[in-house]
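A short worksheet on the structure shown next.
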Amino acid sequence: MRTATLGPAERTEALAAMAERELDVLVVGAGVVGAGTALDAATRGLSTGLVEARDWASGTSSRSSKLIHGGLRYLEMLDFALVREALKERGLLLERLAPHLVKPVPFLYPLQHKGWERMYAGSGVALYDAMSVSSGHGRGLPVHRHLSRGKALRVAPCLRKDALVGALQYYDAQMDDARFVATLVRTAASYGAKVASRARVVGFMREGERVVGARVQDVETGGEYAIRAHQIVNATGVWTDDTQALIGERGQFHVRASKGIHLVVPKDRIHSTSGLILRTEKSVLFVIPWGRHWIIGTTDTDWDLDKAHPAASSADIDYLLEHVNTVLATPLTRDDVEGVYAGLRPLLAGESDATSKLSREHIVAHPVPGLVVVAGGKYTTYRVMAKDAVDEAVHALDKRVAACVTDDVPLLGAEGYRALWNARAGIAARAGLHVARVEHLLNRYGSLTEELLDLIAADPALAAPLPAAEDYLKAEIVYAASHEGARHLDDVLTRRTRISIETFDRGTLSARECAELMAPVLGWDALQIDKEVEHYEKRVEAERESQRQPDDLTADAARLGAPDIVPI
């Protein structure tokens, strides 16, 4: 297997190759499910294409809570099958598929009532641990433990003494969701899938009742490609109904969007060595360790406005601050918030009017010959959803196709990661970097770190950190454009790195330098650099303005004040 590079030339070649001959499977949508579906199909030996209207993971899959978890609240709903399935996937990712990207994370659950609550919550967490171990892939995480109030406050001094009588501590896992998807896409491409971002499906081709292909517009150049495929998989998440409408049919189910927002605050604002999980009247609230930051989320409200750029309102931000401050000894204020992001969950409608109770299970359907639809689900179980979608597509192919193997296909960067981690001090000395920098790279790229070190060897200036976002090296910006399919400044500041939510300036101070680093790779002139920077600055200002608005309608209108596409 070769390691695929997703630069500008490879994108052009991929679009031409997809239009040149009929594919076995064309996947529409490069969120985590679409990317996983492309990898599943390619590793079964199927000729596979993947197209995405914007950037990898630019929708829901870059705006999650960044957790790989079984879902304790689904256990409370007695959805044992979903929890068991998710815990098995969590174990696979931690142990075999992506140990460089998926990491254990501890959570503290404060108890507010003596006696019965410890017994009730403790039995639930004990069952959670038991189901994890019984899956065969859960032995790598510590089991839960019961803490007195004194011990809990030593773990989390940030908590008010009157906010708890004791606590439980348990473990789940986390990842950088957008980086995970970018790695999935590159892995699929390494196994032969042809992949292209900024390639929007504008219509389907039919022969009688059967869907036989898609008309795909190159958003960058305006050109259009006719891509034929034996089977097309619609994996467009909250856009599922819109994509179905292109063939004049909504399909057999409806996907409803639920908005969840998250706040990012600096690490020093909350003194704790563990994440926190808190109950609210509607759902649960997480305080999640995130490098030198905390992520606080999430909300769960119905959303029927713009899907591409869901907006967080002032009311959303106040809701999260109000709830987290009920347990913090030193309350957070608006001035503590570095970043805010909003995402939409694709929920299957029909089970309940309350979005927090809509199904997180997934559905695979074949509404018309040649078109498979996969929808619903949760990030953690993306691989199972992908398997089910390809299984459905394979039924209609006139040839024998191998069974799914993705439970044994590590993502790029996983092979050799642990050995390189053990050798990180030597790698740092050889590269002339601090060992903390090498650790940072290994936990983002795994064994692909060697490719970044090659860039630095060729141009030592790339070893320097970005002055306004020092967690990231300049080499990472170049690498995003040359190897990871980043086409625009927004792709790099928002998804390949998380500078847009990890700095108080939201990336505006890094924008020009990043654009200048990307320019030689993407062939930008000075005018295009200016356009990229101006577009990004307008996006940030529109987001800030939306977050000052009192409700969803006004926030949505403010966010739509920024242009969506960077002109070429």
Side-chain angles (χ1 to χ4, degrees), residues 29 31-33 54 57-67 71 73-74 177-178 236-242 254-264 278 280-288 295-324 334 337 339-360 362 375-380 494-495 498 500-501 506 539-540 542-562 564:
V32 70
V33 175
R54 296 187 294 159
S58 55
T60 302
S61 295
S62 61
R63 306 177 192 188
S64 73
S65 296
K66 311 190 190 324
L67 293 176
R73 72 187 180 108
Y74 303 117
D177 49 7
T236 52
V238 294
W239 286 273
T240 297
D241 291 5
D242 304 71
H254 174 57
V255 175
R256 183 168 157 192
S258 164
K259 184 179 71 169
I261 83 145
H262 295 80
L263 310 180
V264 182
L278 312 170
T280 72
E281 67 276 11
K282 296 178 182 177
S283 185
V284 294
L285 186 72
F286 286 102
V287 180
I288 305 163
I295 292 175
I296 301 169
T298 180
T299 58
D300 198 340
T301 55
D302 203 11
W303 179 266
D304 58 4
L305 301 169
D306 180 63
K307 296 187 183 77
H309 305 291
S313 68
S314 180
D316 292 327
I317 296 170
D318 288 343
Y319 173 88
L320 288 182
L321 289 175
E322 177 186 335
H323 280 79
V324 77
R334 286 289 187 106
V337 176
V340 181
Y341 64 94
L344 301 177
R345 303 175 191 85
L347 303 179
L348 299 175
E351 288 82 1
S352 167
D353 287 336
T355 58
S356 62
K357 294 180 180 176
L358 288 173
S359 176
R360 295 313 303 270
H362 67 274
K378 58 200 290 275
Y379 200 112
T380 303
T494 307
R495 286 172 290 278
R498 309 320 286 263
S500 67
I501 58 171
R506 306 207 178 169
R539 196 210 88 167
V540 170
E543 285 186 348
R544 287 190 188 278
E545 182 60 29
S546 71
Q547 291 154 22
R548 290 189 280 264
Q549 302 306 310
D551 54 41
D552 283 352
L553 276 173
T554 52
D556 179 66
R559 177 59 187 88
L560 292 177
D564 189 33

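Considering CG of Leu347 and CH2 of Trp303, their distance stands at 15.0 Å, rounded to 0.5 Å. If you take CG on Asp177 and OG on Ser64, they are separated by 3.5 Å, rounding to the nearest 0.5 Å. Note: Ile295 CD1 to Lys66 NZ = 5.5 Å, rounded to the nearest 0.5 Å. One distance of note links CD of Glu543 with CD1 of Ile501; it measures 10.5 Å at 0.5 Å rounding. Between the CZ atom of Arg548 and the CD1 atom of Ile317 there is a distance of 10.0 Å, given to the nearest 0.5 Å.
A search for side-chain contact (heavy atoms from CB on, under 4.5 Å) contacts involving Thr298 returns Ser65, His262, Arg345, not counting sequence neighbours. Here Ser61 pairs with Val32, Ala57, Val181, Tyr379 under the side-chain contact (heavy atoms from CB on, under 4.5 Å) rule; sequence neighbours left out. Under the rule for a salt bridge (Lys or Arg N to Asp or Glu O under 4.0 Å), the partners of Arg334 that lie at least two apart in sequence or sit in another chain are Asp318. Residues passing the side-chain contact (heavy atoms from CB on, under 4.5 Å) test with Asp306 are Ala308, His309, Asp556, Leu560, sequence neighbours excluded. Gln549 is linked by a side-chain hydrogen bond (donor to acceptor under 3.5 Å, both in side chains) to Glu545, counting only residues two or more places apart in sequence or in another chain. Contacts of Lys259 classified as salt bridge (Lys or Arg N to Asp or Glu O under 4.0 Å), with partners at least two apart in sequence or in another chain: Asp316, Asp552. Every residue two or more places apart in sequence or in another chain that forms a side-chain contact (heavy atoms from CB on, under 4.5 Å) with Thr299 is listed here: Ile261, Tyr319, Leu320. Contacts of Asp242 classified as salt bridge (Lys or Arg N to Asp or Glu O under 4.0 Å), with partners at least two apart in sequence or in another chain: Lys307. For Arg495, the salt bridge (Lys or Arg N to Asp or Glu O under 4.0 Å) partners two or more places apart in sequence, or in a different chain, are Asp55, Asp490, Asp491.
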- request: Go through Asp551 and Ser313 one step at a time and tell me if the side-chain hydrogen bond (donor to acceptor under 3.5 Å, both in side chains) criterion holds.
  value: CA-CA 5 Å; Asp551 54 41; Ser313 68; over 6 Å; no
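Side-chain atoms of Ser314 never come within 3.5 Å of backbone atoms of Pro550 as a donor-acceptor pair (strictly under, hydrogens ignored).
Across Pro346 and Thr60, no two heavy atoms sit closer than the pair CD-CG2, 4.1 Å. Minimum heavy-atom separation, Ala311 to Arg559: CB-CB, 4.0 Å. Of all heavy-atom pairs between Val255 and Gly237, the closest is CG1-O, 3.8 Å. In this structure, Ala257 and Val238 approach most closely via the heavy-atom pair CB-CG1, 4.1 Å. Of all the heavy atoms in Ala542 and Ala558, the pair that sits closest is CB-O, 3.7 Å.
Between Tyr341 and Val264 there is a side-chain heavy-atom pair separated by less than 4.5 Å.
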